[in-house]
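Have a look at the structure below before the remarks.
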Number of protein chains: 2
Amino acid sequence: MDQKKRSNCPVSCSLDIWGDKWSLLIVRDLLESQPCTYGDFLKAEEKIATNILATRLQMLEENGIITKSEHPDSKAKVLYQLTSKGIDLLPIIVEIGFWADKYYEIDKSKKAVLKEIKKGKELFVKTTIQRLNKEIVKNK
Amino acid sequence: MDQKKRSNCPVSCSLDIWGDKWSLLIVRDLLESQPCTYGDFLKAEEKIATNILATRLQMLEENGIITKSEHPDSKAKVLYQLTSKGIDLLPIIVEIGFWADKYYEIDKSKKAVLKEIKKGKELFVKTTIQRLNKEIVKNK
DNA sequence: CAGGATCCGTTTCGATACTG
DNA sequence: CAGTATCGAAACGGATCCTG
């Protein structure tokens with residue numbers, strides 16, 4: 001909401017997401033399987049605490065990266081999903097993937113996915129962004 | 001040094017750098033102007049505290065992202081520069097730049113640079129990585 | 001029962017003073 | 001100039017408790 005006073009450097013602008021471990025993992029979870037519930041995030045293997053999760057979800061919403069909406073079935077469940085702005089983070093996550101793949105032992109299935117993406121990175125990024133954007137509308 | 005026990009997810013692997021505000025800024029500074037001294041980092045507009053800077057430089061060195069070396073002129077000065085592994089972070093920083101440019105008001109000069117890069121991203125990344133790698137050897 | 005607020009001991013941050 | 005030491009403030013994170 002209140003745009004923090006910050007330098008005009010691109011990196012500096014985006015520190016809320018990239019300068020925070022948990023925000024990064026939330027974005028990753030959403031890019032992999034939208035939409036997610038509060039409980040879905042808690043299930044992730046990195047074990048985020050409930051209060052930390054709540055503050056990060058709020059921050060990401062205020063920054064226009066994600067939105068909340070009701071679950072069609074039960075009011076109790078809340079669905080979180082990326083906005084277009086959030087979806088546009090995909091190319092960055094993909095590049096992080098390439099880098100990690102080069103220097104660390106990563107999961108074999110993830111490795112295979114990255115290899116496929118590399119063949120046609122531009123196309124993959126473009127079509128995935130389109131797909132995710134379409135899915136937003138569906139759940140409106 | 002001691003590879004932390006961590007999930008094999010690419011994002012999870014690289015949390016030391018991307019999950020920490022200061023590490024990210026250090027990498028940015030180095031990509032913009034190698035090599036840097038301790039004092040150079042302190043001069044950056046984000047005002048990092050000396051103890052924080054020290055811990056981050058140590059961590060980045062342990063992770064093989066940067067190296068320390070003596071200044072040719074005076075022993076008192078220490079030069080920090082990226083390794084090849086660190087230089088390979090460039091594509092990620094570039095993507096962050098594109099994203100920030102799309103959604104935030106960024107510095108005009110930076111905006112112009114990004115526009116140029118966009119025209120030939122692949123080439124820019126490739127030649128810049130080559131240039132930086134050559135410069136490492138020079139200062140050995 | 002899912003989402004999330006509250007409490008509280010522990011860790012980390014970060015500003016400044018200080019040392020080699 | 002390149003770092004350590006100190007110390008109050010802030011953030012973490014785990015358990016538990018509320019609320020619809």
Side-chain angles (χ1 to χ4, degrees), chain A residues 1-2 4-7 12 15-26 29-30 33-63 65-81 139, chain B residues 2 4-7 12 15-26 29-30 33-63 65-82 139:
Chain A
M1 203 90 350
D2 56 317
K4 230 168 276 175
K5 183 61 190 165
R6 192 161 268 178
S7 110
S12 215
L15 279 181
D16 283 330
I17 300 131
W18 306 110
D20 179 73
K21 170 182 174 179
W22 298 117
S23 308
L24 189 48
L25 293 173
I26 290 169
D29 287 346
L30 286 169
S33 63
Q34 290 224 62
C36 291
T37 66
Y38 195 86
D40 289 336
F41 294 117
L42 292 176
K43 269 177 245 151
E45 59 184 325
E46 284 91 358
K47 300 296 161 225
I48 185 169
T50 61
N51 52 347
I52 308 292
L53 177 57
T55 61
R56 292 311 189 282
L57 289 172
Q58 191 186 340
M59 188 277 290
L60 288 171
E61 196 184 2
E62 286 173 358
N63 279 285
I65 310 287
I66 63 172
T67 50
K68 289 170 75 164
S69 58
E70 266 183 19
H71 193 287
D73 299 341
S74 89
K75 287 184 190 178
K77 285 200 175 182
V78 179
L79 293 179
Y80 292 94
Q81 59 188 328
N139 286 314
Chain B
D2 56 316
K4 228 168 276 174
K5 184 60 191 167
R6 191 161 269 178
S7 112
S12 215
L15 278 181
D16 283 328
I17 300 130
W18 307 109
D20 178 73
K21 169 183 173 178
W22 299 115
S23 308
L24 189 46
L25 293 173
I26 289 169
D29 286 346
L30 285 169
S33 64
Q34 290 225 63
C36 290
T37 66
Y38 196 86
D40 288 337
F41 294 118
L42 293 176
K43 267 177 246 151
E45 60 183 325
E46 284 90 358
K47 299 298 159 222
I48 184 169
T50 60
N51 53 348
I52 307 292
L53 177 57
T55 61
R56 294 310 190 281
L57 289 172
Q58 191 186 341
M59 188 277 290
L60 288 171
E61 195 184 2
E62 285 173 358
N63 280 284
I65 309 288
I66 64 173
T67 51
K68 288 172 74 164
S69 58
E70 266 183 21
H71 193 287
D73 300 340
S74 89
K75 287 184 189 176
K77 283 199 175 182
V78 179
L79 293 179
Y80 290 95
Q81 60 188 326
L82 295 165
N139 287 314

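The shown structure was predicted, so the numbers you read here are calculated from the model rather than taken from an experiment. Reckoned from all heavy atoms, side chains included, excluding hydrogens, waters and symmetry mates. Every chain is numbered from 1 and lettered A, B, ... according to where its sequence line falls, protein lines coming before strand lines.
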Sorted by chain and number, sequence neighbours left out, side chain to side chain donor-acceptor pair (under 3.5 Å) with B:T55 holds for none

Side chain to side chain donor-acceptor pair (under 3.5 Å) filter on A:D29, not counting sequence neighbours, yields none

Between CZ of A:F41 and P of C:dG4 the distance, given in whole Å, is 11 Å

Sorted by chain and residue number, the side chain to side chain donor-acceptor pair (under 3.5 Å) partners of A:D40 (sequence neighbours excluded) come out as A:T37, A:K43

* How about A:K21 and B:D20: do any of their side-chain heavy atoms sit closer than 4.5 Å? -> no

note: B:K68, atom NZ; D:dC1, atom P; distance rounded to Å ~ 17 Å

Q) For the side chain of B:Y38 and the backbone of B:T50, is there at least one donor-acceptor N/O pair under 3.5 Å apart? A) yes

Rounded to whole Å, CG of B:L53 lies from P of C:dT16 at a distance of 16 Å

Rounded to 10°, the helix from C:dC1-D:dG20 to C:dG20-D:dC1 deviates from straight, judged by its five-pair end axes, by 30°

What one should report as the nearest heavy-atom pair of B:L42 and B:K47 is O-NZ, 4.0 Å

Between CD of B:Q58 and C1' of C:dC13 the distance, given in whole Å, is 16 Å

Practice item. Report which part of the nucleic acid B:Y80 touches: base, sugar-phosphate, or nothing (heavy-atom distance under 4.0 Å, all strands). Key: sugar-phosphate

Sorted by chain and residue number, the side chain to side chain donor-acceptor pair (under 3.5 Å) partners of B:K68 (sequence neighbours excluded) come out as none

To the nearest angstrom, the CG-C1' distance between B:L42 and C:dA17 comes to 15 Å

Applying side-chain contact (heavy atoms from CB on, under 4.5 Å) to A:A49 and not counting sequence neighbours gives A:N51, A:I52

Between protein and nucleic acid, restricted to nucleotides 8-15 of chain D and to nitrogen or oxygen atoms under 3.5 Å apart, what atom pairs and distances do you find?
from   : atom 1 : to    : atom 2 : distance (Å)
D:dC12 : OP1    : A:R56 : NH2    : 2.4
D:dG13 : OP2    : A:W22 : NE1    : 3.2
D:dG13 : N7     : A:N51 : ND2    : 3.0
D:dG14 : O6     : A:N51 : ND2    : 2.9

Rounded to whole Å, the NZ-P distance (B:K77 to D:dG3) equals 13 Å

